[in-house]
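Numbers restart at 1 for each chain; the letters A, B, ... are given by sequence-line order, proteins then strands.
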2 protein chains.
Amino acid sequence: METFFNYIRRYTEHPISEEELLSLQGAFKPRKIRKRQYLLQEGDVCRHLSFITKGALRQYTVDDKGVEHIVQFGIEDWWMSDRESFELGSVSSYNIDAWEDSELLQIHYDDWWEIRHSIPAMRILTAEMDKRHAVAAQKRIHAAITLTAEERYLDMLKHQPAFIQRFPQNMIASYLGISPETLSRIRKQAYLKNE
Amino acid sequence: METFFNYIRRYTEHPISEEELLSLQGAFKPRKIRKRQYLLQEGDVCRHLSFITKGALRQYTVDDKGVEHIVQFGIEDWWMSDRESFELGSVSSYNIDAWEDSELLQIHYDDWWEIRHSIPAMRILTAEMDKRHAVAAQKRIHAAITLTAEERYLDMLKHQPAFIQRFPQNMIASYLGISPETLSRIRKQAYLKNE
DNA sequence: AAAAAGTATTGATAAATATCAACTACTCAT
DNA sequence: ATGAGTAGTTGATATTTATCAATACTTTTT
């Protein structure tokens, strides 16, 4: 829980009262989840928002052929949820599962709604999260339509090395929208270029 | 301005007082912009947020080879800005220009900040916009990494037919991240399939 | 320690998409 | 009306990326 409070303080200047801290502690429930365990399955409604205090998770779809397509990775200090399902109460088409044993702080939709109204700092935090999310999404979209497979990989290596270190190569390939074989070849070439 | 007020009422249940309406009228300045005129140029800082009351605009980058890459279209009831530059005050790497003669309501960053604090309905509106934006971005990212060029075009035809009607084919191709020639061939094939 | 399951690499080939070039149709300004 | 400039199409070819198959390497399980 300390991790989370530090995170809040880092992203909002607004002070938080003792009372508010207690209220947050009541709303966010710690949860442990083991490797390969699901946090959300396709067909479910996503009722919780999860803050990752430890571990690594991924959000993905599975297509007709059984191939997984990863849309999002999450590690410490990231939030996980299917935003669409969470906000609209719709059935999710995504799966979220743990790639490492993980620890989360989960809040139910109703409590999240309540807390954003009663605690000013949380409203600011939400706005800040949304802003960062929007900027990141814009960049990823731009990368997807303008860059080649190799450029996208190098871009990720530069801007999100943590993901590349913690997830296996086939998942990185899926996130980049390329086949594992192609990524393997790209890495080989990049390596050869640096002698 | 009426268009805009209707838009606000459509997306927020929160009532707006007479006083607040006046305050909004003061903050949003009408602006006309002619076809091919720039709203934002690469290298500028994006100081305004623009609500489109009439017309069609696009946001894009230009690469080393002079090729344009469109990341966003905007028509009536859409907002245009480089979110990153607008929120962070950083130099923009995007261009925004008008494809049709257009009419906008522009608000300066400072006023936007102010109005979101003083008018509850605007705070709700912002949250709602961010939510929709996040959901749309997630979908577009998913489409980019999972779908083929043809599937992406058909997806767009289904979900955003307005764009396809109002922008020329080479711009649609750019938005989809494919060459104009490929889009031309995809359309021919799709047409042949329907006899 | 051996077996099994998952992960990464490599080669051969196929499919998707880009590029280049020529041509057609269309718009629009004079 | 005419010619210049855009936009779209089509064909030939090149490049990129995917797919399939075999093998090597790692990690996990027993």
**Report entry** Minimum-distance nucleotide to B:S179 side chain [options: C:dA18, C:dT9, C:dT7]
**Finding:** C:dA18
**Report entry** Among C:dT10, C:dC20, C:dT7, the one nearest B:E181 by side-chain distance
**Finding:** C:dC20
Query raised in the report: Rounded to whole angstroms, how far apart are CZ on B:R36 and P on D:dA7?
Result: 6 Å
Query raised in the report: Looking only at side-chain N and O atoms, does A:K188 come under 4.0 Å of OP1 or OP2 in C:dT10?
Result: yes
Query raised in the report: Any side-chain N or O of A:T182 under 4.0 Å from OP1/OP2 of D:dA18?
Result: yes
**Report entry** Atom-pair distance (CZ on A:R34; P on D:dT28), nearest Å
**Finding:** 12 Å
Requested in this report: Would you kindly give the CD-to-P distance between B:E150 and D:dT17, to the nearest whole Å?
Outcome: 20 Å
Query raised in the report: Going by modelled atom types, is there a donor-acceptor pair between the base of D:dG8 and the side chain of B:R185 at under 3.5 Å?
Result: no
Query - Under-4.0 Å side-chain N/O to phosphate OP1/OP2 contact, B:N170 with D:dG8 - result: yes
Query raised in the report: NA contact type, A:L183, heavy-atom cut-off 4.0 Å: base, sugar-phosphate, or nothing?
Result: nothing
Requested in this report: Mind calculating the distance between NZ (B:K65) and P (D:dT15) to the nearest angstrom?
Outcome: 12 Å
Query - Residue pair B:T61 / B:V71, side-chain heavy-atom distance below 4.5 Å - result: no
Requested in this report: Could you walk me through whether A:M171 and A:Y175 pass side chain to side chain contact (heavy atoms under 4.5 Å, CB included), step by step?
Outcome: CA-CA 6 Å; A:M171 290 186 190; A:Y175 180 84; over 6 Å; no
Query raised in the report: Taking only N and O in the side chain of A:Q169, is any of them less than 4.0 Å away from OP1 or OP2 of C:dT9?
Result: yes
Report summary line: Contacts of B:P180 and A:R152 projected onto DNA chain D by closest heavy atom; the upstream (5') one is B:P180
Requested in this report: Please state how far atom CD1 in B:I178 lies from atom P in D:dT9, giving the value in whole angstrom units.
Outcome: 12 Å
Report summary line: Whole-Å distance, A:L147 CG to D:dT17 C1', equals 16 Å
Requested in this report: Report the distance from atom CG of B:L176 to atom P of C:dA18, rounded to the nearest whole Å.
Outcome: 10 Å
Query raised in the report: Is there a side-chain contact between B:H69 and A:L147 (heavy atoms, below 4.5 Å)?
Result: no
Report task. Just compare C:dT10, C:dT9, D:dT17 and give me whichever is closest to any side-chain atom of A:T148. Result -> D:dT17
Query raised in the report: Rounding to a whole Å, what distance do you find between A:K35:NZ and C:dA5:C1'?
Result: 12 Å
Query - The single option from B:F51, B:F28, B:W113 passing side chain to side chain contact (heavy atoms under 4.5 Å, CB included) against B:I107 - result: B:F28
Requested in this report: Using a 4.5 Å cut-off on heavy atoms from C-beta on, say whether the side chain of A:R123 contacts that of A:T126.
Outcome: no
